[in-house]
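Report on the following structure.
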Amino acid sequence: MSSETFRARNIYRHVSLQKRLPKHFASETSFKTSSLLRQQQPMFQLQLLPHQVLNCLVRSHVECAEEELPARVGFLGLGIMGSPMAQNLIKAGCDVTVWNRTKSKCDPLISLGAKYKPSPEEVAASCDVTFAMLADPESAIDVACGKYGAASGIGPGKGYVDVSTVDGATSKLIHGHIKATGASFLEAPVSGSKKPAEDGQLIFLTAGDKPLYDEVAPFLDIMGKSRFYLGDVGNGAAMKLVVNMIMGSMMASFSEGLLLSEKVGLDPNVLVEVVSQGAISAPMYKLKGPSMTKSLYPTAFPLKHQQKDLRLALGLAESVSQSTPIAAAANELYKVAKSQGLSDQDFSAVIEALKAKQ
Ligand SMILES: NC(=O)C1=CN([C@@H]2O[C@H](COP(=O)(O)OP(=O)(O)OC[C@H]3O[C@@H](n4cnc5c(N)ncnc54)[C@H](OP(=O)(O)O)[C@@H]3O)[C@@H](O)[C@H]2O)C=CC1
Ligand SMILES: O=CCCC(=O)O
């Protein structure tokens, strides 16, 4: 066994023990999840949902199989999401090599122990698996397939995991370029924002090569709290766009409610509280509502990306003749907000587009 394989297996054990299981189990040196589950049934019933128990059992099985895992991990794109995701990999002990268009964003990660390569091509050439977290379809294609792109450096035995939010056509294009080199491809966009990225609590929506999915599962588990494998390339992108279409409309509707409550003499902060206790409660309202009532929009999810996702979701809907009038109306609001110069604010700044209309 190579030292890298050994290291990767230890990382795997670290994730299984430190993250998936209650803390006191993490100190167990001989790890036998199934027997722990049998012995500690009540504790697990209290702390783990059924699917998490299943996850533990599956992981235990895979671990027993002692699968070899890729050890050198590349990360391309160190924005709001990419930086904390790469940081979590480094902190978990992974051997990480980073690249970002604006090189200065690599520096904090290099300080934490990351290696640096000056192009996506060189990252992909030097790593077993390379993750990419880029802004939009154009940048995702350029970084994967452009000059000095990852496809120029990748090859048989390696994997490319695109975690950016893009449309299915973009994902399939990148998939084609990567597969042509003999490498494997997985699309894996994430649900969850800046804080879940920092906390390793993202939800991965994956599709593509199943063996690569199995291989990178330990890394997904470092960065996230759950993962879905959805089959053919395009399904992960579609799932992500549907989720963000719903989210964009919810935020637009919430904005209308906040402004209406204020106009009729109610305290919008009380509205936030009422909403958060009822059937339409959502963490997003409780999280963003208090700052929205103060007209503050600290960026977690940039408004320009939410509008991009609505645009892509509307394209998806059109491709199957699905009517989406609410999302279409929400998209127009985000476009107004962009024209007001709010692109880089949090997407909750969409409320400003409604204020401007008064
Ligand atoms: N923020 C969030 O809450 C979430 C975002 N997402 C999705 O994740 C992706 C990244 O989002 P986020 O981190 O917030 O975005 P940021 O805008 O913070 O980061 C975008 C990244 O893409 C890079 N980039 C942009 N254009 C190019 C280009 N032409 N060539 C090379 N690199 C480029 C940027 O490089 P540089 O630093 O040089 O500008 C940066 O690394 C998006 O697809 C977004 O929709 C998904 C879930 C949540
Ligand atoms: O794409 C961004 C998603 C943001 C979130 O899920 O909170």
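Every number for a ligand or one of its atoms is a count from 1 in the order of the listing. What you see below is based on every heavy atom in this structure, not just the backbone, and it leaves out hydrogens, waters and symmetry mates.
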Evaluate [X] for polar contact with ligand 1, using N/O atom pairs at a separation under 3.5 Å.
X    : answer
V190 : no
M81  : yes
S164 : no
I80  : yes
L134 : yes
T165 : yes
K240 : no
W99  : no
D142 : no

At less than 4.0 angstrom from any non-hydrogen atom of [X], what atoms of ligand 1 do you find?
X    : answer
P302 : 1 (N), 14 (O)
G77  : 41 (O)
V143 : 31 (C)

Would a 4.5 Å heavy-atom cut-off, applied to side chains only, mark [X] and [Y] as touching?
X    : Y    : answer
L316 : L312 : no
M292 : V272 : no
M284 : S348 : no
L303 : Y297 : no

Calculate, to the nearest 0.5 Å, the distance between atoms [atom1] and [atom2] belonging to [X] and [Y] respectively.
X    : Y    : atom1 : atom2 : result
F219 : N88  : CZ    : CG    : 13.5 Å
E121 : I154 : CD    : CD1   : 11.5 Å
T130 : K158 : OG1   : NZ    : 7.5 Å

Looking only at protein heavy atoms, which one is nearest to [atom], and how far off is it?
atom                    : result
atom 19 (O) of ligand 1 : G79 CA, 3.4 Å
atom 38 (O) of ligand 1 : T102 OG1, 2.5 Å
atom 22 (O) of ligand 1 : A135 N, 3.2 Å
atom 45 (O) of ligand 1 : K308 NZ, 2.7 Å
atom 3 (O) of ligand 1  : S193 OG, 2.5 Å

Tell me whether [X] contacts the main-chain N or O of [Y] through its side chain, where contact means a donor paired with an acceptor under 3.5 Å.
X    : Y    : answer
Y229 : G208 : yes
D162 : E187 : no
K308 : A135 : yes

Practice task
Evaluate the salt bridge (charged side-chain N to carboxylate O under 4.0 Å, His left out) criterion for residues D309 and K240: first the C-alpha distance (whole Å), next the side-chain angles of each, then the deciding distance (0.1 Å), finally the verdict.
Solution key: CA-CA 9 Å; D309 294 349; K240 174 63 186 165; 5.3 Å; no
Practice task
Could you tell me whether K103 sits above the aromatic face of Y116, with NZ or CZ closer than 6.0 angstrom to the six-membered ring centre and within 45 degrees of the axis?
Solution key: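 Positive - K103 is close enough to the ring of Y116 and near enough to its axis.
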Once you restrict to heavy atoms under 4.0 Å, what part of [X] touches ligand 1? Side chain, backbone, both or neither.
X    : result
E138 : neither
H305 : side chain
L78  : backbone

Show the short N or O contacts, below 3.5 Å, that ligand 2 makes with protein N or O atoms; if there are none, say 'none'.
unit_1: ligand 2; atom_1: 1 (O); unit_2: K240; atom_2: NZ; d: 2.7
unit_1: ligand 2; atom_1: 1 (O); unit_2: N244; atom_2: ND2; d: 2.8
unit_1: ligand 2; atom_1: 6 (O); unit_2: G192; atom_2: N; d: 2.8

Got more than 12 heavy atoms from elsewhere within 6.0 Å of [atom1], [X]?
X    : atom1 : value
E138 : CD    : yes
I326 : CD1   : no
K117 : NZ    : no

Exercise for the section: Could you establish whether G192 and ligand 1 come within less than 4.0 Å of each other, counting only heavy atoms on the residue side? Expected result: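 Contact check G192 vs ligand 1: positive.
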Practice task
Kindly give the cluster partners of V270, where membership spreads through any ILVMFWY side chain lying under 4.5 Å from a current member.
Solution key: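 Besides V270, the cluster holds V274.
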Counting heavy atoms only, which of [options] is nearest [atom]?
atom                    : options               : result
atom 1 (N) of ligand 1  : P120, P84, C106, A300 : A300
atom 41 (O) of ligand 1 : N100, L312, V243      : N100
atom 26 (N) of ligand 1 : M85, M247, R101, M133 : R101

Practice task
Evaluate the ring planes of F75 and F131, with Trp represented by its six-membered ring, and classify them as parallel (under 30°), tilted (30 to 60°) or perpendicular (over 60°).
Solution key: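 Rings of F75 and F131: parallel, as their planes differ by under 30°.
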Handout entry: Closest heavy-atom pair and its distance - L354, S255
Key =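 So the minimum-distance heavy-atom pair works out to CD1-CB, 3.6 Å.
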